[in-house]
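Single-structure report; data block below.
As a basis for the values below, the full set of heavy atoms in this structure was taken, side chains included, without hydrogen atoms, waters or symmetry mates. Note that ligands are numbered from 1 as they come in the structure, with each ligand's atoms numbered from 1 the same way.
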Amino acid sequence: MSNLEQVKHAIEVRPTKPFTDQKPGTSGLRKPTKTFKENQYFENFIQAYFDDLAERNKDKSPTLIVGGDGRHFVREGTRIIIQMAAANNIKKLIIARDAIMSTPSVSCVIRKYGTDGGIVLTASHNPGGINNDYGVKFNIANGGPAPEAVTNSVYDKTRQLTNIRLCPTLINIDLLTLGKHSYEIEGRSIPFEIEIIDSVDDYVQLMKSIFDFDKIRNLLNGDKGKFPIMINALSGVMGPYVLRIFHEELNAKEVVTVKNCENLEDFGGHHPDPNLTYAHELVEDMQNGNYEFGAAFDGDGDRNMILGKGGFFVTPCDSLAVLAANLDVIPYFQKHGVFGYARSMPTSGAVDRVAEKSQKLIYEVPTGWKFFGNLMDSKLISICGEESFGTGSDHIREKDGMWAVLSWLSVLANIDRSVEKILQTHWHTYGRNFFTRYDYEEINGAGPFSMMKRLEDMCTSKELMNKTFNTNYGNKQYTVKIMDDFSYTDPVDGSYTEKQGIRIIFTDGSRLVFRLSGTGARGATVRLYVDSYENDPVTYTKDAQEMLKPLISLALEIAQLKDFTGRDKPTVIT
Ligand code: G16
């Protein structure tokens, strides 16, 4: 029942100074937490968003979802958003209990409640806490991340901002109790409403409508015996979702071992990025051979890492391809059918082979989940993924870690109980794309930018075209077929984006990609992606790092990476 408070809250217009550095990156604005907390930095960014929203909703007071990944300043940030929303003509905020909601869950509830969008307080896989990172990202009415047209417009407004609007007396809102509240605001013709929801409930309902939970329950602890698995939530937002789905809904406490399922403001010191480096605890747990399957999530629950028995690593590129090839085991796709597939440009071409065989469309988009939204809305694709540990489908408009795990368990329940065997069978059917990513994180100075500039110039001058490189590895030679700076025109709305990464494609189809990360909060992070296809079965069991050695050394030589960055090895290898 809605609870109307009798007090009238006044709107304060507070002067502010614009910042010049509030340009959102790959996925929202990410900065050190302290930056957001000082000098109304957070408030400015939110005000610019509300100004933009007002411009887009001239005849309407929007309703928004608000949630965050539980890191330091998420609860305080939510309280600031409440005060500012009331003063900015927002009709209603639907907020997760305790302000905690995974990114996929935000997307789920935007779609379920039909809201005009949402605000997600997260820096995703970046570490949290007062001395680490914070982030804000805006989602639109389809549930997906705001496209560049919106983020650019918000950015423009951040640079012209002169004041922020808020209701400072709107305090002590109970974020812990489910319910609806209304507040009278001076100068507003309609009350301001808040609803506190249990987003875990909504999300679990969605998962139960997609997957056959009985089948997954039977895999875990059924007629074929126990199938022990390990799930590590890295102290991010996923803990409550993991416990609810695996221990309650699937009733599999006995066989599903969980770790780090308490959501902590500093993620317990974890770097909540589910890769081989930062989720090493899961890798070590899996290496003991006691678990058939392992998975980890990132801070806000949209990324996932999948491991098989003994720590067998499934690259996110292969994960996407395997799921794409086996979607028909999932009731949602049996019902809705499978349209095409999509991947981000640096992601390996493994899913392209699945598309080719199944005669479905495949789209290659720039890095960033926002580029998949139009394709899903237009029913051009059903599943998409990125090498950065993101996999998802058109059930929502964000990548979805839990969805990927339940998809994998569905494949294991229906196809083969071994992750490694599923991969081997897949490679024997489609060939294998060997893939690796080298990250050189948080580099100070201009070096990375100069390196990219030089590579851009090389694209323009075409100086590498048709050039053959000999490597120090046997008689391996590579001839450059294409070198370009990736650009993309959205096939649905025609929007155009450029400078999305340098591609060097060789005559044998192998690819090198260089990009600067758009999610870091300090310094510059260089990413090098290497992708090479083999269809000789003898190679399928080989180690990716060994197989890719010639291409990696060639990449470092072409980019003169050490000279520009001062780094002689990456901080993370995937
Ligand atoms: C975000 C985006 C992803 C992107 C990733 C990596 O992930 O949502 O689409 O692939 O960043 O971006 P970059 O290479 O620019 O760092 P998340 O999980 O951080 O939101």
Contact between K399 and ligand 1, counting heavy atoms under 4.0 Å?
yes
When distances are taken from atom 3 (C) of ligand 1, the protein heavy atom at minimum range is E386 OE1, 3.2 Å
Which protein non-hydrogen atom lies closest to atom 5 (C) of ligand 1, naming both residue and atom, and how far is it?
R303 NH2, 3.4 Å
T497 and E148: side-chain hydrogen bond (donor to acceptor under 3.5 Å, both in side chains), yes or no, with the steps?
CA-CA 9 Å; T497 186; E148 284 182 338; 3.1 Å; yes
Sub-4.0 Å heavy-atom approach of G390 to ligand 1:
no
Short list, please: which atoms of ligand 1 are under 4.0 Å from a heavy atom of S388?
4 (C), 5 (C), 10 (O)
Near D302, which atoms of ligand 1 are under 4.0 Å from a heavy atom of that residue?
18 (O), 20 (O)
Subset of ligand 1 atoms that lie under 4.0 Å from at least one heavy atom of G368
9 (O)
Parallel, tilted or perpendicular: which fits the ring planes of F313 and F389, with parallel below 30° and perpendicular above 60°?
tilted
Geometric N/O contact R515 with ligand 1, under 3.5 angstrom:
yes
Would you say W408 and S319 are linked by a side-chain donor-acceptor pair, where the criterion is simply a distance under 3.5 Å?
yes
Is the gap between the ring centers of F45 and F138 under 6.0 Å?
yes
Is the F73-F36 ring centre distance short of 6.0 angstrom?
no
For E441, state whether at least one heavy atom is located under 4.0 Å from any atom of ligand 1.
no
Mind checking whether S124 has an N or O less than 3.5 Å away from an N or O of ligand 1?
yes
Need the ligand 1 atom indices (1-based, order shown) with element for anything under 4.0 Å from a heavy-atom of D298.
18 (O)
Quick one: does ligand 1 sit under 4.0 Å from the side chain of K137, the backbone, both or neither, non-hydrogen atoms only?
neither
Any idea which atoms of ligand 1 are less than 4.0 Å away from a heavy-atom of T367?
4 (C), 10 (O), 12 (O)
For the residue pair D298 / S124, report whether a side-chain donor-acceptor contact shorter than 3.5 Å exists.
yes
Regarding R454 and the six-membered ring of F449, is the cationic atom NZ or CZ under 6.0 Å from the ring centre and inside 45° of its axis?
no
Tell me the protein heavy atom at minimum distance from atom 11 (O) of ligand 1, and give that distance in Å.
T519 CG2, 3.2 Å
Would you say that more than 12 heavy atoms from the other residues, nucleotides or ligands in this model lie under 6.0 Å from the CD of E356, or not?
no
Does an N or O anywhere in L516 fall below 3.5 Å from an N or O of ligand 1?
no
Please identify which of these residues, K370, R303, K137, meets the salt bridge (Lys or Arg N to Asp or Glu O under 4.0 Å) condition with E398.
K137
For atom 19 (O) of ligand 1, find the nearest protein heavy atom and state the residue, atom name and distance (0.1 Å precision).
H125 ND1, 2.7 Å
Atoms in ligand 1 with a heavy atom of G518 nearer than 4.0 Å
13 (P), 15 (O), 16 (O)
In terms of side-chain heavy atoms, does Y529 have a donor or acceptor partner in D439 at a distance below 3.5 Å?
no
Stacked cation flag R437 on F435, 6.0 angstrom / 45 deg
no
Contacting atoms of ligand 1, where contact means under 4.0 angstrom from a heavy atom of S27
1 (C), 2 (C), 8 (O), 20 (O)
Any chance the side chains of D400 and Y203 put a donor and an acceptor closer than 3.5 Å?
yes
Any nitrogen or oxygen of R527, main chain or side chain, under 3.5 Å from a nitrogen or oxygen of ligand 1?
yes
Considering only protein heavy atoms, which is closest to atom 20 (O) of ligand 1, and at what distance to one decimal place?
R30 NH2, 3.0 Å
